[in-house]
Number of protein chains: 2
Amino acid sequence: MKDTDDKLTSRNIKPTAMRELVLDILTEQKMAISLSDLEQKFHKSDKVTLYRTLKTFEEKKLIHSIDDGTGAIKYALCKETCQCHPEDLHVHFFCLKCQHTFCLSNIPIPSINLPVNFSVENINMVVKGVCSNCND
Amino acid sequence: MKDTDDKLTSRNIKPTAMRELVLDILTEQKMAISLSDLEQKFHKSDKVTLYRTLKTFEEKKLIHSIDDGTGAIKYALCKETCQCHPEDLHVHFFCLKCQHTFCLSNIPIPSINLPVNFSVENINMVVKGVCSNCND
DNA sequence: AAAGTTTATGCAACTGAGTTGCAAACTAAT
DNA sequence: ATTAGTTTGCAACTCAGTTGCATAAACTTT
């Protein structure tokens, strides 16, 4: 638990039992998960607490949220150094077959030439298709 | 109305009074609108009918939907020739100030080098920031 | 044109994600 | 231990999207 604790405190999040559990679950995941996915990992749990835990994590940039168009926001761990600035952002992939959402962590979002006088804060880029796992 | 009718029939949509009205409203818009935005353009209207109208339009590729992360899907007219294939797609912009969502119709979505064995069907790219209107 | 078939519309009612308010439980600090 | 601040759990709500079903309108066939 020490490791988990450190991750929390280093992001200025008070390490409670609940938060440790949630962070551990998030760490195990190979793919992004939604609030209700998370809820189902617990036998008995309160959606609201999990909701607020995710919000806190997101605020403190421990995780980032992905709107993959399925109607449920997904969450995935940020890299250690991530500040969620445009230069930290990567492309996400949603597989139409297995319905999973992944971070393509090593594919940065390509920069865009916006019209004059437009400024950027954030970019959400989700590619939908079939992942390598489902493609054979 | 002849023009509106033609647009509908050319996309294989039976031109009803309702659909003409909706298409006209969509044509007037400079920005993408949501179902509830659309609903408010009518004095008396049924959300479900509008909902199904939008669904039909989208299916027939008369309009495309934009998930801008606000929680309500926005819709905007497609170009005449649009088939909503990856090569037809463009970037969308959401202004954090005026809360409006635009098509950046002349900014195509940059192509991405996906990992091996991944195939693409669709890409959603929404840039969030401040638009030129709100930036001075 | 009348009867029958298909398609579109309108109403009610529901689902599911996300959210708020409040009280109880917990934590930290004096 | 007492207090102040934070976190958790429950109830209850909002709002977008959706389904079922009955009526109305449009098309088809005789």
Exercise for the section: Specify the residues of residues 33-50 of chain B, ordered by number, for which at least one heavy atom lies under 4.0 angstrom from an atom of DNA chain C. Expected result: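 Heavy-atom cutoff 4.0 Å gives B/K44, B/D46, B/V48, B/T49.
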Can you measure [X] atom [atom1] to [N] atom [atom2] for me and round it to whole angstrom units?
{"X": "B/I73", "N": "D/dC15", "atom1": "CD1", "atom2": "C1'", "answer": "13 Å"}
{"X": "A/K55", "N": "D/dT7", "atom1": "NZ", "atom2": "C1'", "answer": "17 Å"}
{"X": "A/L54", "N": "D/dT8", "atom1": "CG", "atom2": "C1'", "answer": "14 Å"}

Problem - Criterion side chain to side chain contact (heavy atoms under 4.5 Å, CB included) against A/P15, the qualifying member of A/D5, A/D6, A/T4 - result: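 That would be A/D5.
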Once side-chain contact (heavy atoms from CB on, under 4.5 Å) is applied, do any residues pair with [X], and if so which ones, sequence neighbours excluded?
{"X": "A/N133", "answer": "A/C131"}
{"X": "B/L50", "answer": "B/M18, B/V22, B/L35, B/L38, B/E39, B/F42, B/S45"}
{"X": "A/S10", "answer": "none"}
{"X": "A/P108", "answer": "none"}

Exercise for the section: Answer yes or no: does a side-chain N or O of B/Y51 lie under 4.0 Å from OP1 or OP2 of D/dT18? Expected result: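 B/Y51 to D/dT18 OP1/OP2: side-chain N or O found under 4.0 Å.
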Exercise for the section: Classify the nucleic acid contact of B/R52 as base, sugar-phosphate or nothing, counting any heavy atom under 4.0 Å across all strands shown. Expected result: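 Base, at least one base heavy atom under 4.0 Å.
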Exercise for the section: Would you kindly confirm whether B/I66 and B/L104 end up in one hydrophobic cluster when ILVMFWY residues are joined by side chain heavy atoms under 4.5 Å apart? Expected result: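 No; B/L104 is not reachable from B/I66 via cluster members.
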Could you go over nucleotides 23-29 of chain D and give all protein N or O partners under 3.5 Å, atom names and distances?
none

Practice task
Sort and list the pairs that fulfil ring-ring contact (aromatic ring centres under 6.0 Å, His included) and have at least one residue in residues 13-36 of chain A, not counting sequence neighbours.
Solution key: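 Sorted pair list comes back empty.
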Practice task
Using chain B heavy atoms and a threshold of under 4.0 Å, write down where along DNA chain C the contacts begin and end, 5' to 3'.
Solution key: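 That gives a stretch of C/dT7 to C/dA12.
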Under 3.5 Å, sequence neighbours excluded: what are the donor-acceptor pairs made by side chains of residues 84-98 of chain B?
| unit_1 | atom_1 | unit_2 | atom_2 | d |
| --- | --- | --- | --- | --- |
| B/D88 | OD2 | B/Q83 | N | 2.9 |
| B/D88 | OD2 | B/C84 | N | 3.1 |
| B/D88 | OD2 | B/H85 | N | 3.1 |
| B/H90 | NE2 | B/H64 | NE2 | 3.3 |
| B/H90 | NE2 | B/H92 | NE2 | 3.0 |
| B/H92 | NE2 | B/H64 | NE2 | 3.1 |
| B/K97 | NZ | B/C134 | O | 3.4 |

Handout entry: Selection residues 48-57 of chain A - residue pairs positive for side chain to side chain donor-acceptor pair (under 3.5 Å), sequence neighbours left out
Key =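 Listed once each, the pairs are A/D46-A/T49.
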Problem - Linked hydrophobic residues, A/V48 as query - side chain contacts closer than 4.5 Å - result: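 Its cluster partners, ordered by chain and number, are none at all.
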Practice task
For residues 56-82 of chain A, pull every pair meeting salt bridge (Lys or Arg N to Asp or Glu O under 4.0 Å), keeping only residues two or more places apart or in separate chains.
Solution key: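 Pairs touching residues 56-82 of chain A that pass the test: A/D68-A/K74.
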